[in-house]
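Convention: sequence-line order gives letters A, B, ...; per-chain numbering from 1.
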Amino acid sequence: MNEPLLRVEHIKKYFTLPSGRLLKAVDDLSFSVRTGETIGIIGESGCGKSTLARVLAGMITPTAGNLYFKGQCIPAGKRNRNLQRAIHLVFQDSDSAFDPRMSVRESLKEALYLSGQAQGEDNRRIAELLQQVGLENRYVHAYPSELSGGQRQRAAIARALATRPQLLIADEPVASLDVSIQAQIINLLADLQEQEKFSMLFIAHDLAVVRHISDRTLVMLAGKIMEIGPTEDLFTHPAHVYTQLLSDSILPAKPHKESIAMTPHLWGKDISAAGCLQEIRPGHYVRREI
Amino acid sequence: GSQGGNAGKTLTFAGPDYKTLNSILNTHDELPSLIFSGLMKYDGQNKPVPDLATSYDFDKNTLTYTFHLRKNVTWHDGQPFTADDVKFTLDTLRLNKDIDDEISDNYKEIKAVDVVDPQTVKVELSKPSAAMLDYLTIGILPKHCLEGKDIMTDPFNQKPIGTGRYKFVSWDKGQSIILQKNDKYYGTIPKIDRLIFKIIPDETAKAAQLKSGGADVALLNAKDAATFRNNNHFKVYDCQTADFRAIGPNFKNPYWQNPEHQALIPVLGYALDKKAIIAGVLNGEGEAAYSPIQLNAVYNDPTMDHMDYNPTLFKQRMAALGWKLGSDGIYEKNGEKLSFSVDARDFEEERVDMAKIASAQFKKLGVDMKVNVVPKFNWKTMQCCLIGQATPFDPDAGLYNFFYTGAGANYTDYSNSAVDAALAAGRNSYDVGMRKNAYIQFQKAWSAHPAFIMIAFIHGNYVATNKVTGLTTDRILGHHAAGIFWNVENWDISE
Amino acid sequence: MNNTVLDIQHLAVSFYLPQGEVKAVRGVSLSLEEGEIVVLAGESGCGKSALCRSIVKLLPRYAVVKSGHIVIGGHDITQYTEKDMQAVRGLEVGMVFQNPLTTLNPVLSIGTQLAEALKRRTSAGARELNEQAVGLLEQVGIQQGKERLAMMPAEFSGGQRQRITLAIALASQPRLLIADEPTTALDVTVQLRMIDLLRNLAKNSGLTVLLVTHDLGVAARIADRVGIMYAGKLVEIGTTEEIFSDPRHPYTQGLLAALPSAARVHKRLRSIPGMPPDMLHVPAGDAFANRNPRAMAIDYEEEPPFFSLSRTHRAATWTLDPRAPEEVRCPDGRKKDE
Amino acid sequence: MKVPYKAIGKNIAVFFISLAVLSGVVFFAASYAPGDPLQSYYGDAVDQMSTAQYEAARHRWGLDQPVYKQYFQWVDRSLHGEMGMSLKYREPASRVIHDFVGNTLFLGIVSYILIFISAIVVAVCCVLYEGRWLDTLLSETGTILFYLPAFWVGLLLILIFNVNLGWLPGSGAYDPGEAGNWGSRAEHIVLPVIVMLISHVWYYAYMIRNKLLDETRKDYVLLAKMKGLGRLKIVLSHCLRNVAPTIFSVMAIGVNHIVGGTYVVEAVFAYPGLGNLAVESAKYHDYNVLMLVVLLTGAVVIAAGLAAQAVSARLDKRMKTEGGTAWTKTNGHLPS
Amino acid sequence: MDKNERAFTVVGAGRRKEPDVIPVSPWRQVIADIPRVSAVILLLVVLGCILAPCIANHDPEAFYLQHLNEPPNHEFYFGTDMLGRDIFSVLWYGGRLSLVIGVLATVVSSGIGMVYGCVSGTAPDWLDSALMRIAEILCSIPYLLLQLLLLACIGQAHVISISLVIGVTTWMNLARIVRSEVRQIRGSEYVLAARAMGGGFFYILRHHLLPNFISPVLFMLVSSIGISMTMEATLSFLGIGLPTEVTSWGTMLALSTRALMTDSWWIIIIPGCFLIITLLCITHIGHHLRREINRGSSNL
Ligand SMILES: Nc1ncnc2c1ncn2[C@@H]1O[C@H](COP(=O)(O)OP(=O)(O)OP(=O)(O)O)[C@@H](O)[C@H]1O
Ligand SMILES: Nc1ncnc2c1ncn2[C@@H]1O[C@H](COP(=O)(O)OP(=O)(O)OP(=O)(O)O)[C@@H](O)[C@H]1O
Ligand SMILES: [Mg+2]
Ligand SMILES: [Mg+2]
């Protein structure tokens, strides 16, 4: 098989809390991202999704583990500029993702400058980027505080695209947006992916969105992978209890007061993150206790 | 004012802080003279008269004083006072190396002190010393308290025991020192039972204390005193003092070792409008000065040049010395500006003001004198200081120490052989006529090469509430107008 | 109608900011019957929170209720002072706020915080208060309440904290509960439990609930009636059934169509173009017109009135006007879906 | 409950290390200052001394040794409880200090307590009336008073209340000889304390006010309002509890500021306290006394800092989640 | 009907032009609504001081010994002091020094404080806590004492040395605030992003940290000007500040205390008013700089 774009091997990120306790935010994750595909990552709040994203984007150094970028091994903490430029992150909170004292233009310029792109064509490239993400040109000099959430998110995507990434990590890019804008952003990401042919890690807590956009889905709990597999397979036949719980919790926008039974049998249940991954169907792994 | 009715009549005096109350470590301030008494004391004319001694004999041939001491004098702690105490004190003064030269120099002519019997003591001199009786006004210390101790650091210095009119009661550091009258005093027992020395270093605060009733008597700046003059509740006592103010060049500093600069000292006096300074700083409470002993009725030479303000003369003299006015209006000679600095201590406001006005007056006539306000004088390095000295008593008690080459209080290292000769003659002779001659010689020599640029003799403006009676202005007071308490036994305070 | 718990008439609320007047609520009328759950949905910034907060008069000082009346339990509270409101808050109306992580005071134990609310109704002693508090916690599904009373909010998970705020709101037994986006910050699993809890409460103890959300899934699950807000106005209201199966306002239609539904396999979502208007400069006419591909000229000029479609279903859009062209009244998009 | 031995041990270590550093810094700074410490002992006589005499004197006081040796000797002696002689007062330094400590403590503690009580009261008033006249009034007056030089205010107060009205004493710590009379002491600190209040309250009130204002913007205030609580009650029982850690760390810094403030006030009111003593001994190079004063204040300040840190950590577990010490986290708003 | 028909024709979305976005730079905004009155008064005072030679109608250094202690009159607008100096003229010249000291001391303290704070804020944890501990120890010596020691070391104080001393003893607070700001900003996502894109330490310091912590710091700086001026006055009062013949507002105030008993209100009040009014204006502007970050409204 040909080498995936990015292979993540046994990556770990532990935080030492002031109380001395070790918090295993990301605990021994391994998976790979193929060129052009979209992997959805779901999991409850605090299960380590953002930490994983930051580790992959090189914003924090992992405790252990290796990355293989196009087959080339990059040990923890030793990233080169190539890799740095190839992976870009769109933050969960677009509010704090921009320097409040830089206009959209300045932020984009910074990204261009830092990723070492041609200096002379800044303006053209910025206009192009804004047009790509559908942000009207009249916002180019606006400051982040003057933009609405959706516009800021577009600007964030534009900034990510500026570096021409090969892997775009979108950390809950639509979490703070409304349905109507959410649809715009998701469409935008899908379109851009088609144009630019990058791979994408799409983190979300809205399962319907993940199901909609991703080719494969990764379910996380307490820093570990619970289940990973092709999206449709995973959603239609969830194998792990936790995945089942999640997919049962999806509330379809249909009046269904009486029709859907509540799922009390899962509520009290202790969901264990122990065990190891087993392949139950081709490409579909589930954590099981042995 | 008179708090603590239980203690009887109380008088509160606002004054500066003390470091020590030991009479031989502190000869400037009032308190030791109240707590201690000496063989002699000064009367209202600043003449030494017997005190602890009932009488004395002087043998001119052997240069020996024989003092007959009072009987039945006791220390405040009840121990009897004897000749041993006298010997102990004088020996300490002579022999203890830690004692300030400024004081011990006065006793260097003493060859030996012999106790004849408990009531008689002999003091033998090696050389005549005309002012020795003045120096024997120093308070006698109790031998039984201090023998074998380090006199510099003994707690005695803060809890003294004397034979004087008042007993030490307590000292609240930084706040007050309380004295109680000595009921067993051998002389007139004071009328006021308690003396409280409130420690108020700040001039304005002293005035505030008086006005608010926190103090009964205080020595004030002329300007603060002026605010009490039209006040019915207060009386201002303007005492003459022998305390003069002058700009004192420090001959330790290379600047004044230069003869070019030394030659300026007698000339600069003409550039000072002393009357204006007295009017501006002292509210007129002072007299223009030209000689350190001009107030001494016996020894002064009134024919001396009074060094009055005389710009024309000043310019002539400067021209004669070869100084020319530069483009900036400052004199210069050989490419060097006439520029020096004078230090004044921050807590002495009047001196600071004098320095400032003098500086302005100098500036007008082309002399650049900067004023540095410092916490204390650094005699090693400063160029000039705004100095103050006093010779209220025998001229030797002061002049010798101040101006004799290498003497204990000659801080500015003034040295002038003619002056030295005159001073030695004055000190080592008992003949009034010869001495008068010597001091006229001194003044001549001194004004030819003065140690100081004289400014003014200042008045001591004591302000007291109307309740206080007995203060007099008869006496010429000493340095910092000290000595107002000389007749404290006659003071009274009404409730 | 004597069992109307909340009646809002033509309420208009503005924020006066240095940049100008933000017309957050622009003439909303709404009334809630006893035991009913009404959901207000609409996108961020459309004035849902402003509406809720004006009901209990918790608006910032520079906000002004420009017109309208609010009647709670038969009393018009429009002119109530801060003091009068103290009696209304908690006793008549309870409120659950958006963010469970910040609505609890981090330095007070939850027992203390519950007791504060419980004291509104009883003058019971400490022990009795504790018992009641434990009961309340059990009611919202937190077990071992006794030990937990002394715990600090930080020691609870987000979902638990949200339930504690609910318990606090219920402690003084209000007739009306306002829940302003109580589930946005929560996991899907927790969200589900919250919703079921509210539904049970309404059903079993006759609590009236006004729930604000922009999650249509939540609305579908819990509501008796759903109101859709856009740019400070209530643009459509009807029973859940009516809204979800027969949306009439183009905005409602767009909203429903934009949901990523499991049924759709192709990669594009249907989205509403453009952005919601800036509430500083609310346009004349129908505020939605600029994003509506089938907007008519009148949409840009005149505000649409409410058109009643049934006893419960009303919508404010010119598309319902009989004069509107056929293509607008029955857009093909909808037809294809059905 | 578990006793946090480790934390206590660490705090004690920090305390002593800080003291050691502090004493070292002051010792070295003081000895390199120009001016001759011998002068305070021998007076101007120093200048008249012969070289031999001078050297002997220096040797006697150990001044001929290198500074670091002097320092270690000083440490050694102080560990044996011997703090050296005051060169100026010619008494053991500890005895000199002894007379002043009580006065300063009394003034300091009373001012300290009153300052913080008033600061909290003022801050709460400001918060309750935020943006309205009372807040504006308090803020403006507070700022003016804060910037007024303390000595100037003190002198004006003396002029008014002591000199002109004669209501209160204007100098000293008690009437002469009445050291044990607390009435007299209390009377004497009224004006100094007022000056302390005038020059310090706003500094702290402003900090607390800002912290409280931040608190009033939190959501739990809404919840409290929904419980039907009154505004005052909310501020007192909810917001104030939340800013308590801040107040404690501010109070820890306050120890130092207020001690510094007493220096000026003591000078104005001729109040015999450590401040006056410190200024004097620094002016006159009386190192032994100076060291003792600095160490004493330093010890109090550092201990207060550590205590405040411990208390705030207790009060607010959240503080533990960030590194650093307590005072690094209080955002002072006015520099000092 | 015709009209109706036109009204009900479909015209589509996007017919209305959205209002233009006129970006307001955060800086522009701050400057735009600086408190006017304070700014004007401050400007007048500063101008007055700069143009002191033109405004003063007497020689500030002269002693008009014929006019001691005169209340304000047509010749001496603000009266004369005990040594006959013209207060009006002295004030303007004194203001020069006070302002210079205020600014200079602030420059020194902010220089040290900002560098120290930045280093501490960006340093690894162990260095950070060591640095902060050092600052803390320095903080535990009353600043007056430190100033005393330093002034004693320097000897005769002059404008530069006193500014230096004030600056050197007052940077700790600023350092602490800069540090916590830097720590806060340093953890923020835009800094992370810039770093992930390859922005070096100095790039981030220059482009993100500085511009963002400058606003809270600016407030500190501005008020530190005022505090330095007061401090200089206090030092003068304690007799360790500027020599008294150098007139600054501080030395004027310190000297005015001597007029206390003489009922010469003008000597005491006028310099005090000048100082206070200037400081008040400075603080107002400072507050404004701080307030710029909108912190929302009270829920109370
Ligand atoms: N810098 C840090 N120091 C200590 N703990 C951290 C740090 N960053 C994250 N954590 C902890 O690591 C865990 C995982 O956090 P992370 O942000 O990755 O979760 P998440 O899955 O993204 O959650 P959410 O859905 O809320 O965004 C959390 O418990 C968090 O508290
Ligand atoms: N405190 C406030 N100050 C100024 N403007 C405000 C304030 N609160 C709300 N607004 C404005 O009022 C309008 C309505 O806000 P509101 O909070 O009611 O929206 P919402 O529908 O609750 O949004 P969300 O879903 O984000 O909570 C918005 O344009 C908002 O900008
Ligand atoms: Mg996250
Ligand atoms: Mg809201």
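With a threshold of 4.5 angstrom between heavy atoms, Asp299(C) approaches chain E through N, CA, C or O but not through any side-chain atom. With a threshold of 4.5 angstrom between heavy atoms, Arg53(C) approaches chain E through side-chain atoms but not through N, CA, C or O. Contacts of Ala63(C) with chain E are absent, with no heavy-atom separation under 4.5 Å from either backbone or side chain.
When Pro273(C), Ala324(C), Ala297(C) are compared by the number of non-hydrogen pairs under 4.5 Å with chain E, Ala297(C) comes out ahead. Here Asp321(C) is the residue among Thr319(C), Asp321(C), Leu59(C), Leu58(C) with the most heavy-atom pairs under 4.5 Å with chain E. Ranking Asn290(C), Ile298(C), Leu280(C) against chain E, the residue ahead of the rest is Asn290(C), based on heavy-atom pairs under 4.5 Å. With chain E as the partner, the residue from Pro283(C), Ala289(C), Gly285(C) showing the most heavy-atom pairs under 4.5 Å is Pro283(C).
Between Pro325(C) and Val10(E), the closest side-chain pair of non-hydrogen atoms falls below 4.5 Å.
For Arg206(E), the CZ atom sits in a loose shell: 12 or fewer heavy atoms of surrounding residues, nucleotides or ligands are nearer than 6.0 Å. Crowding of Glu82(C) atom CD: a count of heavy atoms from other residues, nucleotides or ligands under 6.0 Å exceeding 12. In the displayed structure, Lys57(C) atom NZ is contacted under 6.0 Å by more than 12 heavy atoms of other residues, nucleotides or ligands. The number of heavy atoms from other shown groups lying within 6.0 Å of CZ (Phe201(E)) is above 12.
Atoms CZ and CZ, on Phe8(E) and Arg323(C) in that order, are 4.0 Å from each other to the nearest 0.5 Å.
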